[in-house]
Amino acid sequence: MSEHEQQSMEEGADIAAPEPTELEVAQRERDEFKDIALRVQADFENYRKRAAGQLADEVDRSTGKIVESLLSVLDACEAAVAHGVDGVEPIWSALIGTLQKHGLEALDLEGKEFDPELAEAVVHEEGDGGVSTVVEVLRTGYRWKGRVLRAAMVKVKG
Amino acid sequence: MPKAVGIDLGTTNSVVAVLEAGEPVVIPNSEGTRTTPSVVAFSKAGEVLVGEVAKRQAITNPDRTFRSIKRHMGENWKSEDIDGKRYTPQEISARTLMKLKRDAEAYLGDTVTQAVITVPAYFDDAQRTATKEAGQIAGLEVLRIINEPTAAALAYGLDKGSEDETVLVFDLGGGTFDVSVLEIGDGVFEVKSTHGDTHLGGDDWDQRIIDWLVQQFKAAHGVDLSQDRMAVQRLKEAAEKAKIELSQTQQTQINLPFITATASGPLHLDESLTRAKFQEMTADLIERCRKPFEQAITDAGLSKGQINHVILVGGSTRMPAVQDLVQSMTGKEPNRTVNPDEVVAVGAAVQAGVLRGDVKDVLLLDVTPLSLGIETKGGVMTKLIERNTTIPTRRTEVFTTAEDMQPSVEIHVLQGEREMASYNKTLGKFQLVDLPPAPRGAPQIEVTFDIDANGIVHVSAKDRATSKEQSMTITGQSSLSKDDINKMVKDAESHAEEDRKRREEAEIRNNADSLVYQTEKVLREQGDKVSEEERTAIEGPLADLKSVLGGQDTEAIKAATEKLMAASQAFSQKLYEAAARDTNATGTSASGQTPGDDDIVDAEIVDEK
């Protein structure tokens with residue numbers, strides 16, 4: 001009997017690492033494919049949600065590009081007025097007025113705490129160790145539809 | 001499901017990309033740009049700033065702002081004391097990686113846990129280990145560190161070739177220059193040689209333009225703009241813009257009004273720069289590229305004829321002078337279909353996908369090589385599935401009959417791009433029979449095309465009234481060879497004009513035919529409501545159109561159709577007037593209840609015949 005038992009145990013050992021049956025192979029494949037299907041479905045769902053949100057964003061971004069290229073004109077107008085050139089002001093206000101209606105916003109930073117989200121420091125003056133403050137705006141920054149289109153160039157103290 | 005991304009952790013800029021449905025996508029950061037400056041700052045308020053924001057505050061906070069930290073990777077370097085802590089290069093790099101991870105997560109709407117990060121081919125063990133640590137500090141499991149040139153080759157799928165190939169990667173970034181020679185065989189990449197200049201990049205080209213502008217301005221106005229921080233900033237922007245424009249055009253205008261002011265008033269800078277002049281003043285920079293280039297080829301033990309592929313990496317390789325140099329030195333047209341700023345990150349994303357097992361053959365979806373459709377009235381092919389539609393796919397459209405009491409419809413399944421059925425390939429035909437007697441246009445026959453993932457097409461037609469259905473399965477459509485498919489597509493392109501005309505002719509004929517049908521119907525049903533004279537006014541043009549319809553003259557059909565249309569409108573007018581008289585007589589308002597409404601046949605989707 002012990003001999004017999006041994007033999008059956010040996011058989012058992014053989015069976016412990018069997019060739020997977022057709023059913024097992026099919027089940028494993030099924031699980032793999034189910035996993036792929038789920039991933040693809042999830043990818044697609046996420047893509048769909050994102051695409052919907054991004055479409056609006058994309059529109060703002062592409063109009064923003066055109067507006068950004070017009071900023072050099074606004075800069076020139078602003079500088080001309082600052083230098084006392086006559087006749088520029090009405091053109092400037094007409095242009096900026098139109099752009100404002102569509103979502104352009106000039107940043108008013110002078111005297112406020114320096115925020116690198118809104119402005120780039122190009123000149124720096126040591127201060128008394130307190131908060132850094134914008135002491136002069138060298139070039140106006142703008143927001144377009146709530147997003148910073150061009151950071152201002154500023155002089156910072158502190 | 002968490003994602004794995006590919007990250008190009010650059011000296012000046014970093015890029016992150018991900019594989020989505022098998023396609024690499026570069027992820028824009030929270031500011032909306034596709035590259036993020038590798039700049040990290042610790043603000044006085046204790047905030048960590050990364051990217052553009054860190055750059056903007058750099059001069060107010062120079063001791064706590066770190067640029068080009070990649071140059072210190074693997075060194076024993078530590079930052080000065082920052083709020084009680086001294087940072088290692090990997091800790092600082094980790095901040096850049098954290099931002100990329102965060103922005104990728106926001107974009108994907110999912111967590112990002114794993115990444116493949118690229119390093120220059122010349123990075124030693126310590127530098128690679130430090131890069132891996134940076135990833136871990138950022139909370140990323142670094143699946144693998146791969147060489148930048150290898151990533152670029154992966155982005156172009158060069159690992160899939162059947163033979164051993166030699167690839168030269170020319171990488172001119174913002175501040176560093178590398179040339180590497182790779183050998184690829186059986187999907188294994190070996191870097192044969194790499195050379196470069198760690199302080200040569202696009203910024204040097206910009207600086208030449210700035211210097212030139214300063215010089216020009218000084219000569220003209222006697223003012224040194226390089227002393228004016230604000231002016232220098234504007235010059236920098238303008239120089240970069242001019243450089244980019246000169247890659248497209250032969251000449252550019254640099255216009256900076258009110259660049260500065262003197263006692264006598266404001267001064268403007270207005271210069272034009274030609275590509276030739278620009279190339280002349282940067283010729284020595286191109287020369288500096290040449291040496292490492294030659295060295296890399298020699299070290300790899302190659303002659304230039306032995307290079308199979310050339311890949312351009314880095315935004316500066318968009319400059320024509322650089323491309324000319326590469327082409328003349330390799331004798332090969334460089335690959336540049338993938339954006340050179342993004343190609344390394346794209347390759348890293350591909351590698352991440354492979355390592356995660358996302359890139360499985362079963363996921364590679366196929367497309368239909370040619371359009372599929374059915375023949376409709378007048379011998380026209382109506383497409384249900386356009387070519388290049390990703391399969392599996394399914395599409396249903398409703399058709400109707402062309403004749404009164406039509407007992408059956410024939411579904412003639414076609415494949416091809418030509419407008420007319422006879423020029424396309426017939427895949428099969430079947431009949432849907434026993435339609436109940438009905439006037440033309442009334443039956444609704446649903447035709448469905450269903451293509452499974454293996455390209456097997458199943459076509460069915462169902463009469464909505466009786467639910468009777470007939471179908472067939474076509475398996476042979478993939479038997480067309482690539483050449484056949486190309487030929488069919490080309491054929492359609494070259495015959496496009498002629499086909500359009502024939503289709504138009506068929507449409508004119510179809511329109512005429514339905515007009516005759518409708519007019520006859522109206523005359524039959526409403527004819528007694530108008531005078532004999534009014535009847536004659538429409539019967540004449542009707543007979544004319546019917547007679548030309550028998551012939552081949554499309555123009556005549558068109559003209560006769562228009563005449564009958566006009567007569568028919570006048571006729572309807574009379575009918576309305578007659579109806580209005582009736583309505584008024586009974587005292588009800590004519591609230592949109594137009595008599596004759598029933599007679600307007602819906603736009604006919606043509607039939608199977």
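Just so you know, these numbers use all the heavy atoms, side chains as well, and skip hydrogens, waters and symmetry mates. Note that the structure is a prediction, hence the values are computed from the model and not measured. Lettering follows sequence order; numbering is per chain, from 1.
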Below 4.5 Å, heavy-atom pairs only: which of [options] has the largest tally toward chain A?
options                      : value
B:R234, B:R229, B:K44        : B:R229
B:A54, B:G32, B:G109         : B:G32
B:P266, B:P257, B:A41, B:A58 : B:P266

Tested for side-chain contact (heavy atoms from CB on, under 4.5 Å) against B:K99, the lone hit among B:R102, B:K101, B:R95 is B:R102

### B:Q207 side chain to B:D211 side chain, donor-acceptor N/O pair below 3.5 angstrom
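Yes, a side-chain donor-acceptor pair sits under 3.5 Å.
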
Go through [options] and name the one with the most non-hydrogen pairs under 4.5 angstrom from chain B.
options                        : value
A:E78, A:M153, A:K157          : A:M153
A:S132, A:A119, A:G127         : A:A119
A:A151, A:A79, A:S72, A:A76    : A:A79
A:E126, A:R139, A:R147, A:K155 : A:R139

Would you say the side-chain atoms of B:H221 pair up with the backbone N or O of B:F217, donor to acceptor, closer than 3.5 Å? no

To the nearest 0.5 Å, atom CD of B:E20 lies from atom CZ of A:F44 at 11.5 Å

Checking heavy atoms, do the side chain of [X], its backbone, both or neither come under 4.5 Å from chain A?
X      : value
B:E52  : neither
B:E237 : side chain
B:L256 : neither

Minimum heavy-atom separation for A:V156 to A:A121, with atom names?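 Looking at all heavy atoms of both residues, the shortest contact is CG2-CB, 3.7 Å.
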
Open item on the list: Closer than 4.0 angstrom, basic N to acidic O: yes or no for A:E105 and A:R143?
Closed with: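 Salt bridge: yes.
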
**OP:** Compare all side-chain heavy atoms of B:N339 with those of B:R318 and state whether any distance is below 4.5 angstrom.
**Re:**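 With C-beta onward as the side chain, the pair touches.
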
